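Notes follow once the structure below has been shown.
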Protein chains: 2
Amino acid sequence: MFSKACEYGIRAATYIALRSLEGKRTSLKDIAKETDSPVAFTAKILQQLSKNKIVESVKGASGGFEIQKRNVHTIKLSQIVYAIDGDKVYHGCGLGLRECNGAKPCPVHDKFIGIRDGLKNMLETTTLLEMTRGLEVGLTYLKR
Amino acid sequence: MFSKACEYGIRAATYIALRSLEGKRTSLKDIAKETDSPVAFTAKILQQLSKNKIVESVKGASGGFEIQKRNVHTIKLSQIVYAIDGDKVYHGCGLGLRECNGAKPCPVHDKFIGIRDGLKNMLETTTLLEMTRGLEVGLTYLKR
DNA sequence: TTTATTTAGGACATTTTTGTCCTATTTATA
DNA sequence: TATAAATAGGACAAAAATGTCCTAAATAAA
């Protein structure tokens, strides 16, 4: 569904959000550890998220990544996916046709629209805050 | 959503089904041309579909690919996707966790299940016959 | 029987994705 | 001020996906 980069990105952002709600900044090392992701690769992804203003990075000793508390409930999964994978989740034909639309559709065009709208809707309505719920109490997990 | 190989595979199988309903066997060359797919790569994919009994291949002059008419309405998209991409569309966590289930779910587990069930249902209920409808009359397309 | 046509399959090539490593820069703190 | 800790970013490496090419085998038809 998503690229590996995007999966790591969502997990990383979610963990940063969780820690930010506790008023804590998190190092790359901890993020990678707590999301079971490759450190250096995660670093690249966090650079992208930082450039896209989804997370803030602070260099130097006691630096790390954080998200302003007031932003945790406004940032949607769709923003993270867009920052990393672009809009190919939305546009792009299910059968790979370069052009596929209502006027000249592929055989599964209408059916795919339904599924993609579901995905789109989910991504656009799920906030980082919502992602963090359950993590603290062990109802949901970011690794294993 | 699917791999390129899978997209080509669905397009190829759909075209073969269309031709088979007309009582015609189709050469690799024609399939690639009519689905705008790379010839040699499509050949590999058709080998897989042939091994999985989704299409039948006939070697030699006037050979090619075909699907028994009686099978065109029983073969589902899910079988083609499974033959090429395996079951990763079904299993596999939205956030890439190796293990993710109701007992130890990722934060989007439940939401993903809904979307994936939609996709799964679509693949399991759409037959090749249904895929061919509209092609002859120019309502749907397999290329461009 | 020879030839032309067509798929099968192995080997190879290219591109994209995923992942690592090293150096520079920034910053807190001793 | 020196040092240690941390991100930024470029270069490189490995793996996977995508795609090509060539030869062998099968088959219809001349």
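No experiment lies behind these values; they were computed from the predicted model shown. Quick note on labels: first sequence line is chain A, next is B, and so on, each numbered from 1.
Between R25(B) atom CZ and dT5(C) atom P there is a gap of 17 Å when expressed in whole angstrom units. If you measure from atom NZ of K51(A) to atom C1' of dG10(D), you get 11 Å, rounded to the nearest angstrom. Counting to the nearest Å, the C1' atom of dA8(D) and the CD atom of E56(A) are 16 Å from each other. When the C1' atom of dA24(C) is taken as reference, atom CD of Q47(A) falls 13 Å away, rounded to whole Å. Put simply, NZ on K59(B) is 5 Å from C1' on dA8(C), counting in whole angstrom units. When rounded to the nearest whole Å, the span between CE of M1(A) and P of dT17(C) equals 18 Å. Distance CZ (F65(A)) to C1' (dT27(C)): 15 Å, rounded to an integer number of Å. Nucleotide dA4(C) holds its P atom 15 Å from the NZ atom of K29(B), rounded to whole Å.
Of the inter-residue distances, the one linking L95(A) atom CG with L77(B) atom CG reads 8.0 Å to the nearest 0.5 angstrom.
Residue-to-nucleotide proximity on DNA chain D shows that, of S27(A) and F2(B), the 5′-proximal contact is made by S27(A). Both A5(A) and A61(A) lie close to DNA chain C; mapped to their nearest nucleotides by heavy-atom distance, the more 5′-ward contact belongs to A5(A). Comparing P38(A) and V58(A), the nucleotide of DNA chain C nearest to each residue sits closer to the 5' end for P38(A).
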Test I115(B) against L119(B) for side-chain contact (heavy atoms from CB on, under 4.5 Å), laying out the working first. CA-CA 6 Å; I115(B) 291 161; L119(B) 177 60; 5.8 Å; no
K4(A) and E7(A): salt bridge (Lys or Arg N to Asp or Glu O under 4.0 Å), yes or no, with the steps? CA-CA 5 Å; K4(A) 276 284 161 199; E7(A) 292 174 354; 3.3 Å; yes
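The phosphate of dA29(D) (OP1 or OP2) has no side-chain N or O of S62(B) nearer than 4.0 angstrom. Applying the 4.0 Å criterion to OP1 and OP2 of dG19(C), one finds that Y8(A) has a side-chain N or O inside that range. Contact check, K4(B) against dT16(C): no side-chain N or O comes under 4.0 Å of OP1 or OP2.
The residue K44(A) sits close to a base: some heavy atom pair falls under 4.0 Å.
You'll find that the side chain of S57(A) is closest to dA8(D), out of dA8(D), dG19(C), dT18(D).
In this structure, D36(A) does not pair ionically with R11(A), as no charged nitrogen and carboxylate oxygen lie closer than 4.0 Å.
Checking side-chain atoms of N71(B) against main-chain N and O of T74(B) turns up no donor-acceptor pair under 3.5 Å.
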